[in-house]
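Pasting a structure below so you can have a look.
We use all heavy atoms of the structure for the numbers below, so side chains are in, but hydrogens, waters and symmetry mates are not.
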Amino acid sequence: MEDKRLIEIDFPLKEVSEESVREKNIRHGHISTLHVWWARRPLAASRATTYAALIPAPKDREELRKKLKFIAELSRWENSLNKSIIEKARRDILEFFGGRPPRVLDCFAGGGSIPLEALRLGCETYALEYNPVAVLILKAVLEYPQKYRNLKVKVNRSGISQKTLTGEAACEEVPRLVYDVKKWGEWVLEEAKKEIGRFYPPDPDGSIPIGYIWARTIQCQNPSCRAEIPLMRQFWLAKKKNKKVALKLIVDRKNKKVKFRIVRGKEVDFDPSQGTVRRATVRCPVCGAGIDDKTVRKLFQKGKSSQRMIVVILHKPGRKGKIYRLATERDLEVFKQAEKYLHKKVEKLKEKWDFEPIPDESLPPKETLGFRVQRYGILKWGDLFNSRQKLSLITFTDKIKEAYYKILDESYSEEYARAVVSYLGLILSKLEDWNSVLSVWRADQERNEHVFNRQALPMVWDYGERNPFEGSLITPRNIIKIINDCSKASSDFATITQASATSLPYPDDYFDAVITDPPYYDNIPYSDLSDFFYVWLKRAIGDLHPELFATPLTPKSKEIVADPSKFGGWKKAKQFFEEMLTQAFKEIYRVLKPNGIAVIVFAHKSTEAWETIILSLIHI
């Protein structure tokens, strides 16, 4: 077998890059919508790269031209389940490897893009990850859909199982896993709504609250003022071409109070983009006094801050668009009732579970990469949610745990029930991501932004709270297409392992290819960020995956990241990253067959990061 591969000769970089960019706008059915993972590789690039690495270099320019054109077609999202194109790619790979599927490893598997595409191309696929949250995502993408793809259930047009039908026969078969994730996801949603739906009451006119906008508050430090200052980065509620809605400050200087009025259209005669806080520096709208960032942080650290519900966002059945009104005493009273119920629920669940329902694990040190919230007295993971958000999360957690035993009662195996409930855990993660005190309101889209719009946890002054029972936030519809599509990608499932890339649990000369995307130097603190999800997943499904959730937080000692806060400076952080990555590359070299190929995907803006990764390769 010749060693030279197509990827070593040429690659349709422009076409594949364009497809990768276009893929970012594809949401329905894309694995990126299953669960947050940082720095995911586009499926288009992963598929094209894997194919180009597993076929021989063309013999002449004409063959090269045809192959490059085919790779461009192969990379298109529309062709990910195109049987004729995928089968041709598989045949090309099998032909090169003498009729056997090549053994391929991704030892930094992350969100699963590269191993999914290796599976799709017919490879014997291995995915390794150090982070337990990523391992769970990998199981949901690369194992469960494929393992249970042949389990079917007949349903009628309304989605009712044939087991419950009388008379007319069911009309189609659907994957049992898809059916059960939908069924039990909806069961969890309805059971939670029965218990806590009353804390999101409709208005007297039938309008339904879909969210609430809150502002943190501090007291003006001017002794002659002492007004409560709502900290808001801006005052837009809706900022679209045909819809302008904003909050207007109404300052009562006599009584030292700040009130609001909602204005629309031409009433917006001021600049709503100018708020009361900018980069932690505050301006009092009553007296005009400024408060510097150090003082603001001290006030938060000493517990001298509060929060204020400002706006309720509603929709009225039968009417298009969102409605905005100011929060009332009734809204505040309902929130206080939710707080009281939260205390009762916590005590009940402590007795039921024998552990703390609300995550009391500590956030990482305040200088950790991407973390800023600790500077403002937010020190525990549970502090990232207000009382009603906490209530919704522990209630959903409770129902998810109950669902597992109900599935077992229907005579399913523990392994299958674990798979179904694992997806329910991922739905819980979506609720956390889109409904915390770090979820900013996007006026240009009239919706909350999710926490991890960036790979960081910065301080947020005003935030949006969502009604979890409205919209498609946590319905299983978001993930059943992903399960369906992943099951069609391959009839085989990947071998998934939790381990460090610095010590691969495979024999020498084992893989035909290692195609991987190593950590991005100082860009992303994967383990620290993923603890946001880990602490809740551990409570919801940790007992179903004891091997993944054995530690209080995600393991970090062998994580390859250049974080100066953990090493006392950049020099030692860089040295650690280079040494660990060198060891990982040595392991890749060890497990590769003599005629195998390693493809290292790396994207970073700094020359220092590139220098470090190149030195790691040189030192193998």
Next on the checklist: For the residue pair Thr395 / Asp398, report whether a side-chain donor-acceptor contact shorter than 3.5 Å exists.
Outcome noted: no
Checklist entry - Taking all atoms of both residues into account, what is the closest heavy-atom pair of Ala39 and Asp517, and its distance? => result O-OD2, 3.9 Å
Next on the checklist: Counting the benzene-type ring for Trp, do Phe452 and Tyr526 have ring centres under 6.0 Å apart?
Outcome noted: no
Checklist entry - Does the distance from a Lys or Arg side-chain N to an Asp or Glu carboxylate O, for Arg447 and Glu449, drop under 4.0 Å? => result yes
Checklist outcome for this item: In terms of heavy-atom contacts, Arg283 and Gly275 come closest through NH2-O, 3.9 Å
Item to check | Donor-acceptor contact present, side-chain Asn79 to main-chain Asn82, <3.5 Å | outcome: no
Item to check | Gap separating the OG atom of Ser565 from the CG atom of Leu369, nearest 0.5 angstrom | outcome: 6.0 Å
Checklist entry - Quick one: does Glu361's side chain have a donor or acceptor within less than 3.5 Å of a partner on Val535's backbone? => result no
Checklist entry - Could you walk me through whether Leu116 and Ser46 pass the side-chain contact (heavy atoms from CB on, under 4.5 Å) check? => result CA-CA 9 Å; Leu116 176 62; Ser46 300; over 6 Å; no
Checklist entry - Do you know which two heavy atoms are closest between Pro518 and Val601, and how far apart they sit? => result CD-O, 3.1 Å
Item to check | Trp236 side chain near Val268 side chain, heavy-atom distance below 4.5 Å | outcome: yes
Checklist entry - Nearest 0.5 Å, what's the CD1-NZ distance between Ile394 and Lys390? => result 9.5 Å
Checklist entry - Should the pair Arg375-Glu367 be classified as a salt bridge under the 4.0 Å nitrogen-to-oxygen rule? => result yes
Checklist entry - Any side-chain heavy atom of Leu249 within less than 4.5 Å of one from Thr276? => result yes
Checklist entry - Atom CD1 in Ile482, atom NE2 in His35: separation rounded to 0.5 Å? => result 11.5 Å
Checklist entry - Measuring from Cys287:SG to Asn222:CG, what's the distance to the nearest 0.5 Å? => result 4.0 Å
Checklist entry - Does a salt bridge link Glu190 with Lys194, judged by any charged N lying under 4.0 Å from a carboxylate O? => result no
Item to check | Audit row: Asp269, Lys244, salt bridge (charged side-chain N to carboxylate O under 4.0 Å, His left out) steps and yes/no | outcome: CA-CA 11 Å; Asp269 56 358; Lys244 299 285 191 294; over 6 Å; no
Checklist entry - Can you check whether Ile213's main-chain N or O pairs, donor with acceptor, with Asp462's side chain at less than 3.5 Å? => result no
Checklist entry - With the threshold set at 4.0 Å, does a side-chain nitrogen-carboxylate oxygen contact exist between Arg442 and Asp444? => result yes
Checklist entry - Is a side-chain donor or acceptor of Arg47 paired with a backbone partner of Ser75 at a separation under 3.5 angstrom? => result yes
Item to check | Val141 versus Gly111, closest heavy-atom pair with distance | outcome: CG2-O, 4.5 Å
Checklist outcome for this item: So ring pair (Phe, Tyr, Trp, His ring centres under 6.0 Å) across residues 285-306, not counting sequence neighbours, yields Phe300-Tyr376, Phe300-Trp461
Item to check | Under-4.0 Å salt bridge between Lys556 and Asp531 | outcome: yes
Checklist outcome for this item: Glu195 meets the side chain to side chain donor-acceptor pair (under 3.5 Å) criterion, sequence neighbours left out, with Tyr341, Lys345, Lys399
Checklist entry - What pairs with Glu19 under salt bridge (Lys or Arg N to Asp or Glu O under 4.0 Å), at least two apart in sequence or on another chain? => result Arg22, Arg76
Item to check | Beyond-backbone contact of Lys256 with Cys220, side-chain heavy atoms, under 4.5 angstrom | outcome: no
Checklist entry - So which heavy atom on Ala109 is nearest to which on Leu138, and how close? => result CB-CD1, 3.7 Å
Checklist entry - Any ion pair linking Arg325 and Asp331 (charged N to carboxylate O, less than 4.0 Å)? => result yes
Item to check | Audit row: Ser429, Val36, side-chain contact (heavy atoms from CB on, under 4.5 Å) steps and yes/no | outcome: CA-CA 8 Å; Ser429 286; Val36 168; over 6 Å; no
Item to check | Reference residue Arg388; test side chain to side chain contact (heavy atoms under 4.5 Å, CB included); the match among Glu339, Gln337, Glu465, Lys336 | outcome: Glu465
Checklist entry - Is the closest side-chain heavy-atom distance between Ile291 and Ile229 below 4.5 Å? => result yes
Item to check | Note: Lys322-Glu470 ion pair, threshold 4.0 Å (strictly below) | outcome: no
Checklist entry - Distance-only, no hydrogens or angles: does the Gln374 side chain make a donor-acceptor pair with backbone N or O of Pro364 under 3.5 Å? => result yes
Next on the checklist: Here's a test for you: under side-chain hydrogen bond (donor to acceptor under 3.5 Å, both in side chains), which of Gln389, Arg216, Gln307 qualifies with Tyr463?
Outcome noted: Gln307
Next on the checklist: Using modelled atom types and a 3.5 Å cut-off, is there a donor and acceptor pairing between side-chain atoms of Asn435 and backbone atoms of Leu431?
Outcome noted: no
Next on the checklist: For the backbone of Glu228 and the side chain of Thr217, can you confirm whether one donor and one acceptor N or O come within less than 3.5 Å of each other?
Outcome noted: no
Checklist outcome for this item: One should read off an interatomic distance between Arg40 CZ and Glu23 CD, to the nearest 0.5 angstrom, of 10.5 Å
Checklist entry - Does a side-chain N-to-carboxylate-O contact under 4.0 Å join Glu267 and Arg264? => result no
Item to check | Residue Lys366 excluded, over 12 heavy atoms near NZ under 6.0 Å | outcome: no
Next on the checklist: Tell me whether Arg319 contacts the main-chain N or O of His315 through its side chain, where contact means a donor paired with an acceptor under 3.5 Å.
Outcome noted: no
Checklist entry - Do Ile378 and Met459 touch side chain to side chain, with heavy atoms closer than 4.5 Å? => result yes
Checklist entry - Is any side-chain heavy atom of Trp536 closer than 4.5 Å to a side-chain heavy atom of Pro359? => result yes
Next on the checklist: As an exercise, state the distance from CD of Gln234 to CG of Leu247, rounded to the nearest 0.5 Å.
Outcome noted: 9.0 Å
Checklist entry - Between Ser530 and Trp38, is a side-chain contact (heavy atoms from CB on, under 4.5 Å) present by the stated rule, with each step listed? => result CA-CA 9 Å; Ser530 63; Trp38 302 272; 3.9 Å; yes
Checklist entry - Quick check: does any side chain N or O of Trp441 sit under 3.5 Å from a backbone N or O of Leu237, one acting as donor and the other as acceptor? => result yes
Item to check | Leu393 and Arg539, any side-chain heavy atoms less than 4.5 Å apart | outcome: no
Item to check | Side-chain touch Val334/Pro201, heavy atoms, less than 4.5 angstrom | outcome: yes
Checklist entry - Does the pair Asp203/Lys316 count as a salt bridge with the N-to-O cut at 4.0 Å? => result no
Next on the checklist: Just checking Glu329: does its CD atom have more than 12 heavy atoms from other residues, nucleotides or ligands closer to it than 6.0 angstrom?
Outcome noted: no
Checklist entry - Would you find a donor on one side and an acceptor on the other, under 3.5 Å apart, between the side chain of Glu129 and the backbone of Gly110? => result yes
Item to check | Arg466 with Asp433: basic N within carboxylate O range, under 4.0 Å | outcome: no
Item to check | Pair Thr368-Asp528, side-chain donor/acceptor within less than 3.5 Å | outcome: no
